[in-house]
Amino acid sequence: FQLSKMSEPASKKQNVGKEKVVLAYSGGLDTSVILVWLVQKGFEVICFCANVGQGEEDYEAVKKKALGCGASKIHIEDLRSEFVTDFIFPAVKCNAIYESRYLLGSSEGCSDGRGKISRSWSHWQRKRPSAF
């Protein structure tokens, strides 16, 4: 992979006629490598990133990294409130546990977070079909 050659976001002219894909993007190594690979395979990649309260993430840096890796666009959505009310509170209310001792709320970011992120992306895509 040649990350150094992809320091500028793709222009609209470069993306004409390319098949579009949306990538659930975290800004980490795995999704950044996949992003570069998809771009090299000839896809226009639109990144969707969700803030579900996973710490002190620098979303401006995530945006810069996605565009630098070749994404044509990136949408970052703040889902913290919905994630807590739709997933964390219900898990705590029902005393959900896994492996017979851990509160399910401690693993919510990995499991139920994906469901919230995919539903939010779907809603975002339906509201803004022109983005695709």
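The chain is numbered in sequence order, starting from 1.
- The NZ atom of Lys63 lies 12.0 Å from the CG atom of Asp58; values are rounded to the nearest 0.5 Å.
- Atom NE2 of residue His75 and atom CD1 of residue Ile46 lie 11.5 Å apart, to the nearest 0.5 angstrom.
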### Task
Verify side-chain contact (heavy atoms from CB on, under 4.5 Å) between Asn51 and Leu79, making sure each step is shown before the conclusion.
CA-CA 6 Å; Asn51 177 356; Leu79 301 175; over 6 Å; no

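- In this structure, the side chain of Asp30 does not engage the main chain of Ser32 through any donor-acceptor pair within 3.5 Å.
- Interatomic distance, CG of Leu35 versus NZ of Lys65, reported as 10.0 Å (0.5 Å rounding).
- Under the side chain to side chain donor-acceptor pair (under 3.5 Å) criterion, Gln54 pairs with Tyr59, not counting sequence neighbours.
- Across all their heavy atoms, Cys49 and Val62 have their closest contact at SG-CG1, 4.1 Å.
- Distance CZ/Phe43 to NZ/Lys18: 10.5 Å, rounded to 0.5 Å.
- Counting only distance, with no hydrogens or angles, the side chain of Ser72 and the backbone of Glu44 share no donor-acceptor pair below 3.5 Å.
- One finds the OH atom of Tyr25 at 4.5 Å from the SG atom of Cys69 (value rounded to the nearest 0.5 Å).
- Across Ala66 and Ile74, no two heavy atoms sit closer than the pair CB-CD1, 3.7 Å.
- Distance check: Leu38 CG to Cys47 SG gives 9.0 Å after rounding to the nearest 0.5 Å.
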